[in-house]
Student: 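Take this structure, written in structure tokens, and hold onto it; I'll ask about it next.
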Protein chains: 2
Amino acid sequence: MSALEGLVVQRSTAAQQVAAGLASRIVAGAFAPGDRLRESAIATELGVARNTVREAVRILEQSGLVQYEVNRGAVVISPTPEKVDALYTARELLETAAVSRPVREPELAALKTAYDKLVEAAASHDVLRIVDLDLAFHSAIVATLRSSRLDEFYAELMVELRFYLTVLSLEDREFEHPDDVLAEHRAILEAIESGDTATAVEQVRSHIESNARRVIEILNGRD
Amino acid sequence: MSALEGLVVQRSTAAQQVAAGLASRIVAGAFAPGDRLRESAIATELGVARNTVREAVRILEQSGLVQYEVNRGAVVISPTPEKVDALYTARELLETAAVSRPVREPELAALKTAYDKLVEAAASHDVLRIVDLDLAFHSAIVATLRSSRLDEFYAELMVELRFYLTVLSLEDREFEHPDDVLAEHRAILEAIESGDTATAVEQVRSHIESNARRVIEILNGRD
DNA sequence: TACAGCGCAACTGTTCTACAGTTGCGCACA
DNA sequence: TGTGCGCAACTGTAGAACAGTTGCGCTGTA
């Protein structure tokens, strides 16, 4: 085993940095759904060539936050009931499948850690942080399936969901009662720890479905 | 309901066409794992600008068939035991989850159709076509979950798997005995039709796991 | 023989300029 | 009211140019 075990050089090109920057702005709500990403504006503002921005936007497209339309360029995605439904269906499938089987040790420990961090965050009343750690807890659930492919897929879902929550200003409402959130997650964790898979599945299902319902209702209630 | 119901204009840019072309060449085995996609060579050969090729390759990257390495450009992915394992784990999860619940009518019909086409193909002894319809049958299984998100994800997995099968020249061996393949798929279909979810899950699991084992064994047996 | 150092050719990453084609919008005109 | 035209803004694409990186072979040296 090498003395350099685990050392990897992280180089990145201008295009990758622009893509990452755009992604974080979008998730933070700096762009609204349906907004176009104008290449020349971004290019001049960031001091890079339009080509580079084009490439950045193609990279960004992989995150699912923007979609290309021919002759209109990149457009920020919009939440629709269908998309949100498909997203939550996928989410529910992965998570219920994950908790329907016994969770092994390293992943169980990771789950506990994730829950503990969520508890801390809840005390801090930093809403954005709470949401992030909430999602991180659920990522830890999916990680018990031990497939990097599934982890990556789930991460994509969460990026998109994160954006929708921002757009709908849902972070606020979701944590009117951080205690409820904690209680639900604790119930899930306890069911997993005790090996009671049937209960765990039901807890996860109802947790996700109630969230999905709320998002879709708010979506339908707009305009 | 409009008289133009379902009509959508399918425009595509040069970059998209180049990306699609490259993708089909790669899957067909025209590029080997680890091969670099040289921008200028492709550009001059196709009579497009290097910029356009760069964009095409970024689009191609979304299919998962190539990966970028800084200062080396796009490199065709290589099958590794870890990647193949993660892929099959994801596949097994989706498909077993799909058949563990009752399949409703439109999807059941689609499954039967997919199976019938597979039977036809098996008679034709056109190996590539058999593989495609085999994968299509499994896509139909995932489609019963009714989430476009899952469908898209599964499609990605299948593109990658398709490439690995080509690389390992597995199409040949897999269909030494098309009858066995048909039998396995028929068993799955029958279990689904009869509503015997437990059997369906077991059929699907063993089908996928035996395939996974074979691919990984061959992978380990090389060099 | 092994190997460090150098140099060169081939590429990638990036910029800049240019231009045809498309879209969106407002204005004039019917 | 609505149709058509024209213009401005942008996208899609091309092409040339150049710095920085990589891979590889050659050369001289231990």
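Each chain gets a letter, A, B and so on, in the order the sequences are listed, and its residues count up from 1.
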Student: Determine yes or no for a side-chain-to-main-chain donor-acceptor pair under 3.5 angstrom, with B:Gln16 supplying the side chain and B:Thr13 the backbone.
Tutor: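 Pair found, side chain donor or acceptor close to backbone of B:Thr13.
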
Student: When the nearest nucleotide of DNA chain D is assigned to A:Glu69 and to A:Arg11 on a heavy-atom basis, which residue is associated with the more 5' position?
Tutor: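 That would be A:Glu69.
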
Student: Establish, with yes or no, whether the OP1 or OP2 oxygen of C:dT14 is under 4.0 angstrom from a side-chain nitrogen or oxygen of A:Thr13.
Tutor: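 Looking at the OP1 and OP2 atoms of C:dT14, one of them is under 4.0 Å from a side-chain N or O of A:Thr13.
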
Student: In terms of the nearest nucleotide of DNA chain C, which residue is placed more toward the 5' end: A:Arg36 or B:Val70?
Tutor: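 Residue closer to the 5' terminus by nearest nucleotide: B:Val70.
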
Student: What is the ring orientation for A:Phe153 with B:Phe153, classed by angle as parallel under 30°, tilted 30 to 60°, or perpendicular over 60°?
Tutor: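 It falls in the parallel class, under 30°.
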
Student: What integer distance in Å separates A:Gln16:CD from C:dT12:C1'?
Tutor: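 Atom-to-atom, A:Gln16 to C:dT12, this comes out as 12 Å.
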
Student: Which value, rounded to the nearest 0.5 Å, describes the distance between A:Leu118 atom CG and A:Arg129 atom CZ?
Tutor: 9.5 Å

Student: Is the shortest distance from a Lys or Arg side-chain nitrogen in B:Glu160 or A:Arg149 to a carboxylate oxygen in the other one below 4.0 Å?
Tutor: yes

Student: Using atom CG of B:Leu37 as one end and atom P of C:dC11 as the other, report the distance to the nearest whole Å.
Tutor: 13 Å

Student: Charged N to carboxylate O under 4.0 angstrom, A:Glu217 versus A:Arg213?
Tutor: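 Judged by the 4.0 Å cut-off on N to carboxylate O distance, A:Glu217 and A:Arg213 do not form a salt bridge.
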
Student: In this structure, are over 12 heavy atoms from other groups packed under 6.0 Å from B:Glu105 atom CD?
Tutor: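 Yes, CD of B:Glu105 has more than 12 neighbouring heavy atoms, counting only those of other groups under 6.0 Å.
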
Student: Starting at atom CD of B:Glu39, determine the distance to atom P of C:dT14, rounded to an integer number of angstrom.
Tutor: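 Taking CD of B:Glu39 and P of C:dT14, I get 11 Å after rounding.
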
Student: Tell me: CG of B:Asn71 to C1' of C:dA10, nearest whole Å?
Tutor: 13 Å

Student: Are B:Gln67 and B:Glu61 linked by a side-chain donor-acceptor pair shorter than 3.5 Å?
Tutor: no

Student: Is it true that the side chains of A:Glu209 and A:Tyr88 contain a donor and an acceptor less than 3.5 Å apart?
Tutor: no

Student: Of all of residues 59-67 of chain B, which get a heavy atom below 4.0 angstrom from DNA chain C, listed by number?
Tutor: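 Those residues whose heavy atoms fall under 4.0 Å from DNA chain C, taken from residues 59-67 of chain B, amount to none.
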
Student: Rounding to a whole Å, what distance do you find between B:Arg38:CZ and C:dC11:P?
Tutor: 5 Å

Student: Inspect the contact between A:Asp132 and A:Arg162 and indicate whether a charged nitrogen and a carboxylate oxygen are less than 4.0 angstrom apart.
Tutor: yes

Student: For DNA chain D, determine which residues of residues 45-58 of chain B have any heavy atom closer than 4.0 angstrom to one of its atoms, and list them numerically.
Tutor: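 Here the set is B:Gly47, B:Val48, B:Ala49, B:Arg50, B:Asn51, B:Thr52.
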
